[in-house]
S.K.: 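Could you have a look at this structure, given as structure tokens, before my questions?
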Number of protein chains: 2
Amino acid sequence: MGLTKTEIFTDEQNQLATLLKAMAHPARIAILQRILISNTCICGDLVGELGLAQATISQHLKELKNAGIIQGTIEGVSVCYCINPKTWKLLETQLGAFLGEYKGETACC
Amino acid sequence: MGLTKTEIFTDEQNQLATLLKAMAHPARIAILQRILISNTCICGDLVGELGLAQATISQHLKELKNAGIIQGTIEGVSVCYCINPKTWKLLETQLGAFLGEYKGETACC
DNA sequence: ATTTTATATTGCAATATTACGATGCATCTT
DNA sequence: AAGATGCATCGTAATATTGCAATATAAAAT
């Protein structure tokens, strides 16, 4: 079918899955790293740095924006992107709780 | 095309993307949470608890296993699954470094 | 040996993703 | 006003994902 049955899962599970999915692509990880490294907004520079076409990068940026992970502001001719602090904090919290739930050392398999 | 251009990204970016992708589905998050909560192996109980068909769950388990996130051992008739400590630790390290790279408060957009 | 039980695999249909060229749409420059 | 610049969007092709019924496989019980 190709259609996820979201209705049988909790809102938290769906939300975390959506956020992870938005990041689950090397291009989008590269984009986020680029924004994180410069610690400011990134205006356009992305095209040319990654080896992808402009249309493709625009599409990846859109996905990150739709997931609420980044936000963009029009700055004259170009558009500036930066991390959305609120979502990033949510991500840290949710993922931290999720990953931290593993109490290791029980290795039964 | 539908085919990711992995060759233009670093191994780290591709690896993290693969791990995130393996977790980026509510059913797989639910499966992992189920394993984490009981803090032991889970044998079969999954079918019936989630509202998905047996074939579907088996497929999700396979994806988690392929990504190295869980491991399974045949236990008589059934199969026991548990977290792969090595991958889980890798995930904590990589994701921690990635998420922690955000030095917030610069909000320029 | 046959049946039951638990999981895996196969085949299929519906939908989603990835990538790009072409094109549209603002804004800035001249 | 007429380019030039920087993104976004559309359309399209190739491939991937999701979900399930049906079937296969393997071990345990009868």
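All of these numbers come straight from a predicted model, not from anything done at the bench. The sequence lines fix the lettering, A, B, ..., with proteins before strands; numbering per chain opens at 1.
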S.K.: Kindly indicate whether the side chain of A:Gln54 and the base of D:dA8 share any N or O donor-acceptor pair separated by less than 3.5 Å?
M.R.: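 For A:Gln54, whose side chain was compared with the base of D:dA8, there is a donor-acceptor pair (under 3.5 Å).
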S.K.: Aromatic rings A:His25 and B:Phe9: how do their planes relate, parallel, tilted or perpendicular, breaks at 30° and 60°?
M.R.: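 Perpendicular: the ring planes of A:His25 and B:Phe9 meet at over 60°.
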S.K.: Taking salt bridge (Lys or Arg N to Asp or Glu O under 4.0 Å) as the cut-off, I'd like each qualifying pair that reaches into residues 18-28 of chain A, sequence neighbours left out, listed once.
M.R.: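 Every pair satisfying salt bridge (Lys or Arg N to Asp or Glu O under 4.0 Å) with a residue in residues 18-28 of chain A: A:Arg28-A:Glu63.
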S.K.: Relative to the 5' end of DNA chain D, which residue comes earlier, B:Ala27 or A:Thr56, by the nucleotide with the nearest heavy atom?
M.R.: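 Whichever sits nearer the 5' end wins; that is A:Thr56.
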S.K.: Rounded to whole Å, please give me the gap between CG in B:Leu46 and P in C:dT7.
M.R.: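 Nearest whole value for this atom pair: 9 Å.
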S.K.: Side chain of B:Val79: nearest nucleotide among C:dT7, C:dG21, C:dT18?
M.R.: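 Within the option list, the nearest is C:dT7.
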S.K.: Using heavy-atom distances to pick each residue's nearest nucleotide on DNA chain D, tell me which of A:Ala55 and A:Val77 is more 5'.
M.R.: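 Looking at DNA chain D, the more 5' nearest nucleotide goes with A:Val77.
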S.K.: Between B:Lys62 and A:Ile74, which residue's closest nucleotide on DNA chain C lies nearer the 5′ terminus?
M.R.: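 Final value for this comparison: B:Lys62.
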S.K.: Starting from the 5' end of DNA chain C, give me the residue, A:Leu3 or B:Lys21, whose nearest nucleotide shows up first.
M.R.: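 Taking each residue's closest nucleotide, the earlier one in sequence belongs to A:Leu3.
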S.K.: Measure the spacing between CG of B:Leu91 and CZ of A:Phe98 and express it to the nearest 0.5 Å.
M.R.: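 It is 8.5 Å, given to the nearest 0.5 Å.
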S.K.: Just to confirm, is there a sub-4.0 Å distance from OP1 or OP2 of D:dG6 to any side-chain nitrogen or oxygen of A:Ser78?
M.R.: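 A:Ser78 to D:dG6 OP1/OP2: no side-chain N or O under 4.0 Å.
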S.K.: To the nearest Å, how far apart are A:Ile42 CD1 and D:dC7 P?
M.R.: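 Distance, rounded to whole Å: 11 Å.
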S.K.: Measure the distance from NE2 on B:His60 to C1' on D:dT18 and round it to the nearest whole Å.
M.R.: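 Atom-to-atom, B:His60 to D:dT18, this comes out as 7 Å.
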S.K.: Check this one for me: any side-chain N or O of A:Tyr81 less than 4.0 Å away from OP1 or OP2 of D:dG6?
M.R.: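 For D:dG6, OP1/OP2 do not have a side-chain N/O of A:Tyr81 under 4.0 Å.
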S.K.: D:dC7, D:dG19, C:dA8: which one has an atom nearest the side-chain heavy atoms of B:Leu52?
M.R.: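 From the listed options, D:dG19 comes nearest.
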S.K.: Hey, does B:Thr4 reach any base, or is it just sugar-phosphate, or nothing, if we go heavy atoms under 4.0 Å?
M.R.: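 Answer is sugar-phosphate: B:Thr4 comes under 4.0 Å of backbone atoms only.
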S.K.: Give the minimum heavy-atom separation between B:Leu99 and A:Trp88, together with the two atoms involved.
M.R.: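 In terms of heavy atoms, the two residues are closest at O-NE1, 2.9 Å.
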S.K.: Could you give the CG-to-C1' distance, from B:Leu61 to D:dC20, as a whole number of Å?
M.R.: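 Answer to the nearest Å: 16 Å.
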S.K.: Using OP1 and OP2 only, check whether a side-chain N or O of B:His25 sits under 4.0 Å from C:dA16.
M.R.: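 No, B:His25 has no side-chain N/O under 4.0 Å of OP1/OP2 on C:dA16.
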S.K.: In whole angstroms, how far is the C1' atom of C:dT10 from the CD atom of B:Gln59?
M.R.: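 Spelled out: CD on B:Gln59 to C1' on C:dT10 is 10 Å.
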S.K.: Assess whether atom CD of A:Glu12 is packed by more than 12 heavy atoms of other residues, nucleotides or ligands within 6.0 Å.
M.R.: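 Counting other residues, nucleotides and ligands, CD of A:Glu12 stays at 12 neighbours or fewer.
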S.K.: Rounded to the nearest Å, what distance is computed from the CG atom of residue A:Asn14 to the P atom of nucleotide D:dT18?
M.R.: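 My rounded result for the distance is 13 Å.
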S.K.: Among D:dA21, C:dT18, C:dC20, find the nucleotide with the atom closest to the side chain of A:Arg28.
M.R.: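 Shortest atom-to-atom distance from the side chain points to C:dT18.
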S.K.: Rounded to whole angstrom units, what separation is found between the CD atom of B:Glu63 and the P atom of C:dT7?
M.R.: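 Distance check: B:Glu63 CD to C:dT7 P gives 18 Å.
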S.K.: Figure out the CD1/P separation between B:Ile57 and C:dA6, and round it to whole Å.
M.R.: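 The answer, rounded to whole Å, is 14 Å.
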